[in-house]
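Here the structure is laid out as structure tokens; the discussion comes afterwards.
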Amino acid sequence: MKPEILEIEPLKIIGKCVTTTLSFDDTAALWQDFMSRHKEIKNCVDSGFYSMQVYPSGFKVEEFTRETEFERWAAVEVTDFDTVPEGMQTKTIAGGLYAVFTHVGPVKEFVETSNYIYGTWLPQSGYKLDKRAHFERLGEKYYGPEHPESEEEIWLPIQLK
């Protein structure tokens with residue numbers, strides 16, 4: 001699995017956000033709440049969705065545990081923040097260099113992809129993690145969390161070592 005290395009401009013997103021841990025995973029509830037209201041957002045760039053993780057300041061991947069708190073977002077990209085539905089939040093995803101991987105398969109197999117990215121690809125690459133948000137983009141080929149042919153893009157913030 002080889003990533004595409006892309007440099008992007010900042011992205012504006014509107015969505016719902018919770019502070020969570022892996023041991024108390026409320027991702028399904030977050031997405032259920034967001035999906036029940038996402039059509040209230042009128043200035044979407046396209047039909048894709050963003051699942052974003054914002055890790056604490058000083059985050060080190062080797063110290064990440066099931067108890068590490070982080071922000072989890074369910075969102076869409078927008079053109080501006082002029083109209084934000086009540087109860088939703090805004091965030092700007094920092095631009096910069098990203099390694100973009102494609103995960104194919106159900107969400108239960110995501111851990112294998114993640115282990116490869118962080119345990120094999122990253123240490124052997126000429127890159128290190130940058131201190132920006134990590135996110136997944138769920139586009140036209142995302143058929144749901146259980147679908148065996150579902151595709152999602154994994155965007156890993158990187159910088160040269």
Side-chain angles (χ1 to χ4, degrees), residues 1 8 10-95 98-119 122 129-157:
M1 177 184 302
I8 63 167
L11 306 172
K12 293 177 175 72
I13 62 169
I14 293 177
K16 303 282 279 183
C17 166
V18 295
T19 299
T20 191
T21 67
L22 291 180
S23 64
F24 180 74
D25 188 5
D26 48 0
T27 301
L30 170 67
W31 276 96
Q32 185 176 16
D33 182 34
F34 176 70
M35 292 305 287
S36 72
R37 298 193 51 215
H38 81 278
K39 291 186 178 171
E40 296 174 33
I41 303 169
K42 301 299 181 199
N43 52 342
C44 298
V45 169
D46 57 28
S47 61
F49 294 98
Y50 288 76
S51 176
M52 182 173 66
Q53 299 73 236
V54 180
Y55 297 103
S57 179
F59 167 76
K60 294 182 179 154
V61 70
E62 61 273 8
E63 295 174 5
F64 187 80
T65 71
R66 295 186 55 76
E67 306 306 319
T68 303
E69 284 192 345
F70 62 96
E71 285 182 6
R72 184 176 303 275
W73 284 75
V76 294
E77 184 182 0
V78 295
T79 55
D80 55 61
F81 295 140
D82 293 347
T83 306
V84 180
E86 187 175 333
M88 291 199 191
Q89 296 94 2
T90 64
K91 185 91 170 168
T92 299
I93 298 175
Y98 287 85
V100 183
F101 296 85
T102 301
H103 169 75
V104 179
V107 72
K108 67 183 177 193
E109 295 174 3
F110 190 87
V111 70
E112 295 168 24
T113 301
S114 183
N115 287 343
Y116 168 77
I117 292 169
Y118 291 102
L122 189 59
L129 284 178
D130 198 1
K131 296 176 183 170
R132 293 177 281 134
H134 301 221
F135 64 94
E136 291 81 47
R137 186 171 188 292
L138 314 175
E140 292 178 6
K141 293 182 180 180
Y142 183 76
Y143 307 120
E146 305 304 322
H147 198 285
E149 295 174 14
S150 225
E151 291 186 19
E152 60 186 281
E153 297 172 354
I154 302 164
W155 290 69
L156 189 71

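Heavy atoms only: backbone and side chains are in, while hydrogens, waters and symmetry mates are out.
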Which pair of non-hydrogen atoms, one from [X] and one from [Y], has the smallest distance, and what is that distance?
X      : Y      : answer
Ala75  : Ile13  : CB-CD1, 3.7 Å
Met1   : Tyr116 : O-OH, 3.1 Å
Thr92  : Phe81  : OG1-CE1, 3.7 Å
Phe110 : Ile154 : CE1-CD1, 3.5 Å
Cys44  : Val76  : SG-CG2, 3.7 Å
Pro106 : Pro148 : CD-CA, 3.9 Å

Nearest-0.5 Å distance that lies between atom [atom1] in [X] and atom [atom2] in [Y]:
X      : Y      : atom1 : atom2 : answer
Thr113 : Glu152 : OG1   : CD    : 8.5 Å
Leu156 : Phe101 : CG    : CZ    : 6.0 Å
Arg137 : Ser51  : CZ    : OG    : 13.0 Å
Asp82  : Thr90  : CG    : OG1   : 11.5 Å

Under the side chain to side chain contact (heavy atoms under 4.5 Å, CB included) rule, what do His103 and Glu109 come out as? Steps first, then yes or no, please.
CA-CA 9 Å; His103 169 75; Glu109 295 174 3; 4.1 Å; yes

Look only at the side chain of [X] and the backbone of [Y], and say whether a donor-acceptor pair between them is shorter than 3.5 Å.
X      : Y      : result
Lys42  : Lys39  : yes
Ser150 : Tyr143 : yes
Gln89  : Cys17  : yes
Lys16  : Arg37  : no

For the residue pair Arg132 and Tyr98, would you count it as a cation-pi contact if the rule is NZ or CZ under 6.0 angstrom from the ring centre and within 45 degrees of the ring axis?
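Flagged: Arg132 positioned over aromatic ring of Tyr98.
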
Could you give me the CA-CA distance, side-chain angles and deciding distance for Trp155 and Glu136, then say whether side chain to side chain contact (heavy atoms under 4.5 Å, CB included) is met?
CA-CA 6 Å; Trp155 290 69; Glu136 291 81 47; over 6 Å; no

Does the side chain of [X] reach to within under 4.5 Å of the side chain of [Y], using non-hydrogen atoms?
X      : Y      : answer
Asp33  : Leu30  : no
Tyr55  : Lys131 : no
Val54  : Phe70  : no
Glu71  : Lys91  : yes
Arg72  : Thr27  : yes
Tyr118 : Leu129 : yes

I would like to know whether Glu69 and Thr20 meet side chain to side chain contact (heavy atoms under 4.5 Å, CB included); could you show each step before the answer?
CA-CA 5 Å; Glu69 284 192 345; Thr20 191; over 6 Å; no

Option among Asn43, Thr79, Val78 that satisfies the side chain to side chain contact (heavy atoms under 4.5 Å, CB included) test with Lys12:
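That would be Val78; it is the only one of Asn43, Thr79, Val78 passing the side chain to side chain contact (heavy atoms under 4.5 Å, CB included) with Lys12.
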
Which residue is it: Met52, His134, Glu77? I am looking for the one with a side chain to side chain contact (heavy atoms under 4.5 Å, CB included) to Ile93.
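The passing option is Met52.
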
Compute the ring centroids of Tyr142 and His147, then answer whether they are less than 6.0 Å apart.
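Between His147 and Tyr142, which both carry aromatic rings, the centre distance is not below 6.0 Å.
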
Mark yes when over 12 heavy atoms from residues, nucleotides or ligands other than Phe24 sit less than 6.0 Å from its CZ; otherwise mark no.
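No, not enclosed.
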
In terms of heavy-atom contacts, does CD of Gln53 have more than 12 from other residues, nucleotides or ligands at under 6.0 Å?
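Yes, the 6.0 Å shell around CD holds more than 12 heavy atoms from other groups.
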
If the plane angle is over 60° it's perpendicular, under 30° parallel, otherwise tilted; pick one for Phe34 and Trp31.
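Rings of Phe34 and Trp31: perpendicular, as their planes differ by over 60°.
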
